[in-house]
Amino acid sequence: MRLEKCWFCSSTIYPGHGIQFVRNDAKIFRFCRSKCHKNFKMKRNPRKVKWTKAYRRVHGKDMTQDSTFEFERKRNRPERYNRNVTENTLKVMKKIVKVRAEREARHIKLRMKGKAAKEQKEAVKELEQSIHMVKAPAVLRQDQSLTLPMIKAEVSQQQSEAVRAMEE
């Protein structure tokens, strides 16, 4: 079973699916669906269309320099297998999956690095814009139903002495 890649979005095309376009110079373009075919006919650049793999690679959304992806390259030559090579290959495949998962986690962590600061700025901005909705402290003191109830906890004599000793 031969699996092709869509020229526009790089997704997998299974046998019996998609559209094939042959240009006058005999270059073959395969498309997974009519959406990709129409975008190609409109002469759109896949690197500028946000839902394509090319866009994600160019804008740092996908992992591109991961060397573990090289193992998936297509090889059309027949291989002779011996038991040792096959056994070692199966062992290494597990390691590759583990390495790829670690690299993907690191990639996601780097992408999300500045998100906390950005969310903090957005929260401050929203608070400044809607400060009129927040009740004044004097109103909160008068109406106790607007505040959260105070929870009192009992502390043993030994714990309170230990806290005092630390403070001194």
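With a 4.5 Å cut-off on side-chain heavy atoms, Y55 and V49 do not count as touching. Residues N82 and V85 have side chains in contact (heavy-atom distance under 4.5 Å, counting atoms from C-beta outward). Taking 4.5 Å as the limit, some side-chain heavy atom of C9 sits within range of a side-chain heavy atom of W51. Side-chain contact between T12 and K5 is present, with at least one heavy-atom pair separated by less than 4.5 Å.
Residues R111 and G60 come closest through the heavy atom pair CD-O, 3.7 Å. When all heavy atoms are compared, the tightest approach of A54 to R47 is CB-CG, 3.9 Å. The shortest non-hydrogen separation linking F8 to P46 is O-CB, 3.4 Å.
Rounded to the nearest 0.5 Å, atoms CZ (R57) and OG1 (T52) are 9.0 Å apart. Taking CG from L3 and OG from S11, the interatomic distance works out to 11.5 Å, rounded to the nearest 0.5 Å. Separating the CD1 atom in I13 from the CD atom in Q20 is a distance of 9.0 Å, to the nearest 0.5 Å. Taken to the nearest 0.5 Å, the NE2 atom of H107 stands 13.5 Å off from the CZ atom of R100. Atom CZ of F40 and atom CH2 of W7 lie 5.0 Å apart (nearest 0.5 Å). Considering NZ of K61 and NZ of K50, their distance stands at 8.0 Å, rounded to 0.5 Å.
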(request) Start with the C-alpha gap between F29 and C6, add the side-chain angles, then the distance that decides, and say whether side chain to side chain contact (heavy atoms under 4.5 Å, CB included) holds. (result) CA-CA 8 Å; F29 299 93; C6 176; over 6 Å; no

(request) Please lay out, stage by stage, how K91 and E87 fare under the test salt bridge (charged side-chain N to carboxylate O under 4.0 Å, His left out). (result) CA-CA 6 Å; K91 286 180 185 175; E87 187 177 319; 3.8 Å; yes

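Evaluation of the salt bridge (charged side-chain N to carboxylate O under 4.0 Å, His left out) test over residues 16-41, restricted to residues two or more places apart or in two chains, returns E4-R30, R23-D25.
Ring geometry for H37 against F21 counts as tilted: the plane angle lies between 30° and 60°, on a 0 to 90° scale.
The number of heavy-atom neighbours closer than 6.0 Å to CD of E102, taken from other residues, nucleotides and ligands shown, is above 12. Taking a 6.0 Å sphere around OH of Y14, one finds it holds 12 or fewer heavy atoms contributed by other residues, nucleotides or ligands.
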